Amino acid sequence: MTTDAVNTTVLVTGATGRVGRRVVESAEAAGLTVRAASRSGAVRFDWGDRSTWEGALRGADAAHLAYLPDVGAPGAAEAVGAFARQAVDLGVRRLTLLSARGEPQAHATERAVRESGARWTVVRASWFAQNLSEGPFLDGMRGGELVFPGGEVLEPFIDTRDIADVVVAALTGGDRFAGRTLDLTGPRLLSFRQAVAEVAAAAEREIAYVPVSARDYGAALSEFGLPAAEVEFLTDLFETNLDGRNAKLSEGVREVLGREPRDFADFVREQAAAGTWKS
Ligand SMILES: NC(=O)c1ccc[n+]([C@@H]2O[C@H](COP(=O)([O-])OP(=O)(O)OC[C@H]3O[C@@H](n4cnc5c(N)ncnc54)[C@H](OP(=O)(O)O)[C@@H]3O)[C@@H](O)[C@H]2O)c1
């Protein structure tokens, strides 16, 4: 570690989310002073309300950015760019951006951070293992069925704890990872069918994987009341991001952390033991 962690205050956005929560834990374990920010977090922060930005940033030395609803969503590049420039103006020296692997829609957001004047690191992550244990897919998993437009494509599921550890290593690693775009995956390629089967076996129950087309998935989201623009973005995202382009492993976790990424099987064992997928 080359940065004086004890004297570093880091703002973590999305701090109650699947990644942000672990960034908070990992940063605290590394001795950083953490500001956990979100709309309902200890530090109030809303991407859609610029009046909350300055209070969150003032006095911080570093910031981890996670844009919601998605790093490639319409308006993400403008908001993240404006936030990153404000961060630099307020003396925040170091930024990390959580981005997505194989998502061309996210490139403008990444560029906005690169051009902000900060020392930046972009962390491009593959599909999270924790998508199956937290968030919108959990109800389906508990109900015995994951309906998803993932076909039979192979995806290198990553444990969000590894993303968090990489983010903190970048923030505390001095210049080592500054100006770098890090490609992060888990250690093993799995189809969504195989992933759900591993969960079902560990949870000792039946859970079906039901592949659908991105268009049909979008139509179902519309029926649930999602706004048309969001449905259009998500349909386009699933059509590009789940076409097999991510079906390869990367060295990112190993390079930054000097160890193997956590395996999906470990995640599944821990969550099954905790009763996550009980119906
Ligand atoms: N899911 C994947 O497989 C994957 C893969 C690669 C990259 N990504 C990227 O990861 C990011 C999502 O991270 P995650 O999965 O950890 O998040 P998450 O679990 O969906 O949680 C969302 C977090 O953001 C906060 N939030 C929601 N709306 C907000 C707003 N308008 N302003 C400020 N904070 C807001 C939430 O807290 P409050 O409700 O309290 O505000 C919460 O802390 C996205 O940028 C996505 O593109 C996802």
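Every number for a ligand or one of its atoms is a count from 1 in the order of the listing. Because the structure is predicted, anything quoted here is derived from the model rather than measured. For reference, positions follow the sequence shown, starting with 1. Computation of the quantities below employed the complete heavy-atom set of this structure, encompassing side-chain atoms and omitting hydrogens, waters and symmetry-equivalent molecules.
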Centroid separation [X] to [Y] less than 6.0 Å:
X      : Y      : result
Tyr67  : Phe83  : no
Tyr217 : Phe238 : yes
Phe137 : Phe192 : no

For [atom], grab the closest protein heavy atom and report residue, atom and distance to one decimal in Å.
atom                    : value
atom 14 (P) of ligand 1 : Arg18 N, 3.9 Å
atom 10 (O) of ligand 1 : Leu98 CD2, 3.2 Å
atom 8 (N) of ligand 1  : Phe128 CZ, 3.6 Å
atom 33 (C) of ligand 1 : Phe45 O, 3.3 Å
atom 7 (C) of ligand 1  : Ser99 O, 3.4 Å
atom 42 (C) of ligand 1 : Thr16 OG1, 3.2 Å
atom 3 (O) of ligand 1  : Asn131 ND2, 2.8 Å
atom 21 (O) of ligand 1 : Gly17 CA, 3.3 Å

* Structure fact -> A student comparing Glu155, Arg39, Arg44 should find that the heavy atom closest to atom 35 (C) of ligand 1 comes from Arg39
* To do: Give a yes or no answer on whether the side chain of Thr121 reaches the backbone of Phe177 with a donor-acceptor pair at less than 3.5 Å.
  => yes
* Donor-acceptor pair, side chain of Arg44 and main chain of Ser40, under 3.5 angstrom -> no
Please classify the [X] to ligand 1 contact at 4.0 Å (heavy-atom distances, strictly less than): side chain, backbone, both or neither.
X     : value
Tyr67 : backbone
Leu68 : side chain
Thr13 : neither
Ala37 : neither

* Quick one: does Ala125 get within less than 4.0 Å of ligand 1, heavy atoms only? -> yes
* Hey, does Ser126 sit under 4.0 Å from ligand 1 if you only count heavy atoms? -> yes
* **Minimal non-hydrogen separation, Ser126 against Glu155, with atom names** => CB-OE2, 3.4 Å
What atoms in ligand 1 come closer than 4.0 Å to a heavy atom of [X]?
X      : value
Ala15  : 43 (O)
Ser38  : 37 (O), 38 (P), 40 (O), 41 (O), 43 (O)
Ala100 : 6 (C), 7 (C)

* To do: Flag the pair Ile163 / Leu98 as yes when at least one side-chain heavy-atom distance between them is below 4.5 Å, and no otherwise.
  => yes
* **Heavy-atom side-chain proximity of Val166 to Leu184 below 4.5 angstrom** => yes
* Spacing of Arg124 atom CZ and Asp183 atom CG [to the nearest 0.5 Å] -> 7.0 Å
* **Ser191 versus Glu152, side-chain donor and acceptor atoms under 3.5 Å** => no
* Regarding Thr240 and Gln105, is there a side-chain donor-to-acceptor distance under 3.5 Å anywhere? -> yes
Would you say [X] has any N or O atom under 3.5 Å from an N or O of ligand 1, going by distance alone?
X      : value
Trp127 : no
Gly41  : no
Glu103 : no
Asp46  : yes

* Asked: Any idea how Phe267 and Phe264 line up, ring-wise: parallel (<30°), tilted (30 to 60°), or perpendicular (>60°)?
  -> tilted
* Residues Arg142, Ile207; criterion side chain to side chain contact (heavy atoms under 4.5 Å, CB included); working and verdict -> CA-CA 8 Å; Arg142 283 185 173 151; Ile207 309 175; over 6 Å; no
